[in-house]
Amino acid sequence: MNLPNDPFILLSLINMKLRDNYSSLDALCEDMGESRKEIEETLKNAGFEYDEKTNSFR
């Protein structure tokens, strides 16, 4: 899957998928064949970090 380049659209997409389909960011990345590091870096640059307790970026 080609993830959106816009960090705010990416944030929305990832959080929706985490909420609806995946128990962790690792599970999402493995299933979608995406790099956790790249997702985290893109969203960190926009001011968001992954919170394992809530299974979402905040």
Side-chain angles (χ1 to χ4, degrees):
M1 172 179 205
N2 288 335
L3 294 176
N5 292 327
D6 182 288
F8 297 100
I9 295 173
L10 178 62
L11 172 71
S12 179
L13 175 71
I14 295 296
N15 276 343
M16 178 190 69
K17 289 193 171 288
L18 287 170
R19 180 190 70 228
D20 295 346
N21 304 108
Y22 298 99
S23 61
S24 70
L25 182 57
D26 287 329
L28 178 147
C29 291
E30 183 177 324
D31 187 54
M32 294 179 62
E34 297 293 341
S35 166
R36 177 180 174 144
K37 181 180 176 187
E38 287 182 25
I39 291 171
E40 286 186 303
E41 283 181 9
T42 299
L43 293 178
K44 184 174 184 171
N45 289 337
F48 302 101
E49 290 194 24
Y50 181 64
D51 178 3
E52 290 187 25
K53 191 185 327 182
T54 62
N55 192 35
S56 64
F57 281 88
R58 300 202 178 266

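Looking only at distances, a side-chain donor or acceptor of Asn15 sits under 3.5 Å from a matching main-chain atom of Phe57. Counting only distance, with no hydrogens or angles, the side chain of Asn55 and the backbone of Tyr22 share a donor-acceptor pair below 3.5 Å.
By the 4.5 Å heavy-atom criterion applied to side chains, Ser56 and Phe48 are not counted as neighbours. By the 4.5 Å heavy-atom criterion applied to side chains, Met32 and Leu3 are counted as neighbours.
Remark: Leu18 CG to Ser23 OG distance equals 9.0 Å, nearest 0.5 Å. Residue Leu11 holds its CG atom at 11.5 Å from OG1 of Thr42, rounded to the nearest 0.5 Å. Taking CG of Leu10 as the reference point, atom CD1 of Ile39 lies at 6.5 Å (rounded to 0.5 Å).
Within 6.0 Å of the CG atom in Asn45, the count of heavy atoms belonging to other residues, nucleotides or ligands exceeds 12.
Of all heavy-atom pairs between Thr54 and Arg58, the closest is OG1-NE, 3.4 Å. Taking every heavy atom of both residues into account, Leu43 and Pro7 meet most closely at CD2-O, 3.3 Å.
When hydrophobic clusters are built by joining Ile, Leu, Val, Met, Phe, Trp and Tyr residues whose side-chain heavy atoms come closer than 4.5 Å, directly or via intermediates, Ile9 is not grouped with Met16. A continuous path of ILVMFWY side-chain contacts below 4.5 Å connects Phe8 to Leu25, so both sit in one hydrophobic cluster.
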- Query: Where do Arg36 and Glu40 land on the salt bridge (Lys or Arg N to Asp or Glu O under 4.0 Å) test, with the steps shown first?
  - Reply: CA-CA 6 Å; Arg36 177 180 174 144; Glu40 286 186 303; 3.2 Å; yes
